[in-house]
Amino acid sequence: MDVQHTYIRNFSSHTADTVTVKGWVSNIRFSKTNIFIDFRDGSGFCQVVMSQDVLGEERFEEAKKLTRESSLAVSGTLIADERQLGGYEIQANSFCVYHIAVDFPIKANETEHGVRFLEDNRHIWLRSRRQWAIMRVRNQVIMGIHAYFQDNGFVQMDSPLFTGNAAEGSTTLFETDFFGEPAYLAQTGQLYGEAMAMAQGLIYTFGPTFRAEKSNTPRHLAEFWMIEPEMAFFDNDMNMSVIEGMVRSVVSRVLEKCETELKMLDRDTSKLQFAAEPFPRIKYVDAVKILRGELEINGKNAIALQEEDLAHAKALIEQHTAEIAEREATIKGGVKKGIRKFNEQKIAALQAEIKELEEQVRNIPNWIESAKNFVDGEDFGGSDETVLTRVFDAPVMVHDWPAKIKAFYMKEVDGNPDYVKGVDLLAPEGFGEVVGGSERETDIDVLVKKIEEHKLPQDVFEWYLDLRRFGSVPHSGFGLGLERLVRWICNLNHMRETIPFARRYGRLNP
RNA sequence: GCCUCCAUAGCUCAGCUGGUUAGAGCGCCGGACUGUUAAUCCGUAGGUCCAAGGUUCAAGUCCUUGUGGGGGCGCCA
């Protein structure tokens, strides 16, 4: 690629003294003879200094007209400076303005805005540091997934987005008009993936998926990107090995390639460094026992841990409240403005934290009740996943689920047809289900029986049944939610930040 | 779909049991100062208090309905 200017990310390999960069003003500070610009060019961030001494009075006056998000090209001397983010600073010799931006609505500190305002302004919110970092991580997650599968001999396939029927019969689908016939936007490509796996052996899909449920939660989108590998001659244990291998590979790639981004996101990366031993694999029946506090893991009791968390949250609230009172007393005592401001900021931060803690104090008792009274045979709720994963340090794989709460195509556990060989990967820190998969039923008679039991129309599955008529083999696969993985790795409290333009219940624009 | 909280300046919020002319911080604009890091200091401008109806001598504040939003639950990747 041949370009005339330099990208900030390439500064470390840049040899000449002078550079030309093209980009935008992220933030700007004026002093009498210097202007300091937080400059961004898409590839990174760098401080640009414009001095009256260097530029001359006339050009310096021009530079004073720059505003946040104005666009410009700058040529100048590249100076290594450890104090600056990225380790460099540019002393400008000349500059050329493309456009002066007027009244950019988003503040330099995006956390001062409400979520509604930011999402309404998503098209320009994407420019903020935090969103820049998230999108960079997302990019590495995507490339990491491709790399893992490609390196292991998988073939990428695209499954259709229009389907003539609801595949699993359970979820609500978006209906569209397909030349006069009703058609639905795909909620999964799995059945097509199975067909392709019988042709290519190892395949994976990577594409958009649509769910029309009116889910209004931080972990649901109406349009999201799903990765669905399907492996011929793989049983569910091998399936779990693939899940673990892929997740480890992607997470370590992000840790390696996105150090700056994760730092910008203030991510505690120790939580993403898993021990060498395999991710715990626990059967559903044992997960239920752990949840009810009847089974301990490494001396950890799930219910007791929640009670500890609750007590801890309460103690922290008291501690913060005391600190706020103390700081308020300091302010009332009459202090210099700088000190007053400093204390006011601390108080605001503490109050925000208290708000979150109070949310926990409200929620945890419900979670404990829900976990204690969990009914064997039911599906886990969001809070149950949080309580369950709390006793582990790594992601957990829960397998061998009750047949009645899982899809028709899952293979029965040998000698125990009430359970099926499904597996869910639950991420730690309350992020919940990231992967759902299973070994598929291979016996056509069992499959036909299951289709009947699930009250699904057999005729639309005839092509799928053909896969069992001609060389049926054991095979497995899973679905990975890209945005859920990004959310967990970046430690985001909502899915709306994991994708450039979120499409979810109540949000279609911009 | 259910539970719960909320809607006040461009943005984030305060406004107590109803009581004269509705406040702050940030941003904008003007000025001062300054190798600055969310710069700092001084000043100006900026409001149909979500909508409709009701209670009252008096409503940003209380009641009803509607609309929009946050958080939790369900459905799941």
Side-chain angles (χ1 to χ4, degrees), chain A residues 26-38 45 47-51 67-68 81 83-85 89 91 102-121 128-129 168 170-172 187-190 208-228 336-338 340-341 344-345 348 351-352 355-356 358-360 362-364 366-367 370 378-385 405-407 424-427 431-437 478-488 493-496 498 505-507:
Chain A
S26 180
N27 200 9
I28 187 163
R29 294 172 291 279
F30 298 90
S31 81
K32 186 157 196 166
T33 55
N34 288 308
I35 296 171
F36 300 93
I37 297 171
D38 291 345
F45 295 82
Q47 174 159 281
V48 169
V49 185
M50 295 189 169
S51 297
T67 56
R68 290 189 58 227
D81 185 343
R83 288 169 301 176
Q84 309 305 338
L85 182 70
E89 174 179 284
Q91 179 72 49
V102 178
D103 291 349
F104 187 68
I106 298 177
K107 298 178 190 185
N109 177 15
E110 67 165 82
T111 59
E112 276 186 46
H113 290 287
V115 288
R116 174 76 195 282
F117 177 83
L118 289 170
E119 220 173 345
D120 282 344
N121 288 285
S128 77
R129 287 187 182 211
E168 294 173 31
S170 52
T171 47
T172 323
Q187 54 138 343
T188 170
Q190 184 207 311
T209 305
F210 307 91
R211 302 275 166 92
E213 280 98 0
K214 293 176 177 174
S215 308
N216 195 8
T217 84
R219 61 180 186 282
H220 287 89
L221 292 169
E223 176 187 286
F224 63 97
W225 288 69
M226 187 153 72
I227 294 90
E228 295 183 283
K336 282 186 181 168
K337 193 160 184 181
R340 196 189 80 202
K341 256 195 140 160
E344 280 171 353
Q345 282 171 10
Q351 277 169 340
K355 231 175 184 178
E356 268 178 46
E358 281 173 344
E359 190 77 42
Q360 279 186 36
R362 265 198 302 279
N363 290 333
I364 292 177
N366 296 333
W367 295 357
S370 164
E378 299 284 304
D379 205 353
F380 295 131
S383 71
D384 300 324
E385 291 175 350
I405 58 169
K406 289 291 181 184
D424 282 1
L425 179 81
L426 306 179
F431 287 104
E433 188 177 349
V434 170
V435 169
F478 61 88
L480 163 76
L482 173 65
E483 287 76 15
R484 287 195 174 172
L485 186 54
V486 172
R487 179 177 174 229
W488 165 40
N493 54 25
H494 203 289
M495 292 283 257
R496 66 182 131 232
T498 61
Y505 183 58
R507 173 61 64 177

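First the proteins, then the strands, lettered A, B, ... as listed; each starts at 1. Keep in mind that the numbers below use all heavy atoms, side chains included, and drop hydrogens, waters and symmetry copies.
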Touch class at under 4.0 angstrom, heavy-atom based, for A:N27 against every strand present: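 Sugar-phosphate, no base atom in range.
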Using a cut-off of less than 4.0 Å, is there contact between a side-chain N or O of [X] and OP1 or OP2 of [N]?
X: A:R29; N: B:U36; value: no
X: A:K214; N: B:G1; value: yes
X: A:R219; N: B:G74; value: yes
X: A:N216; N: B:G72; value: no

Side chain of [X] only, heavy atoms from C-beta on: which candidate in [options] is closest?
X: A:Y505; options: B:G35, B:G1, B:A77; value: B:G1
X: A:L221; options: B:A77, B:G69, B:A38; value: B:A77
X: A:S215; options: B:G74, B:G10, B:G35; value: B:G74
X: A:H113; options: B:G70, B:C11, B:A77; value: B:C11
X: A:N363; options: B:C73, B:G72, B:A77; value: B:G72

Inter-nucleotide C1' distance (B:G19, B:C29), Å rounded: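 B:G19 and B:C29 have their C1' atoms separated by 36 Å.
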Span that lies between the P atom of B:C41 and that of B:G54, in whole angstrom: 48 Å
A:R496 or A:K32, whichever maps to the more 5' nucleotide of RNA chain B: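 Going by which nucleotide is closer to the 5' end, it is A:K32.
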5' precedence on RNA chain B between A:S383 and A:L482 (nearest-nucleotide basis): A:S383
NZ/NE/NH1/NH2 to OD/OE distance under 4.0 Å, A:D379 and A:K406: no
Bracket string, RNA chain B, 5' to 3' - pairs by Watson-Crick or G-U geometry under 3.5 Å, | interstrand: (((((((..((((.....[...))))..((((.......))))......(((((..]....))))))))))))....
Ring-on-base stacking B:A39 with A:F36 (under 5.5 Å, under 30°):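 Ring-base stacking flag not set for A:F36 and B:A39.
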Pair of N/O donor and acceptor under 3.5 Å linking B:G35 base with A:E89 side chain: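 Under the 3.5 Å cut-off, the side chain and the base do form a donor-acceptor pair.
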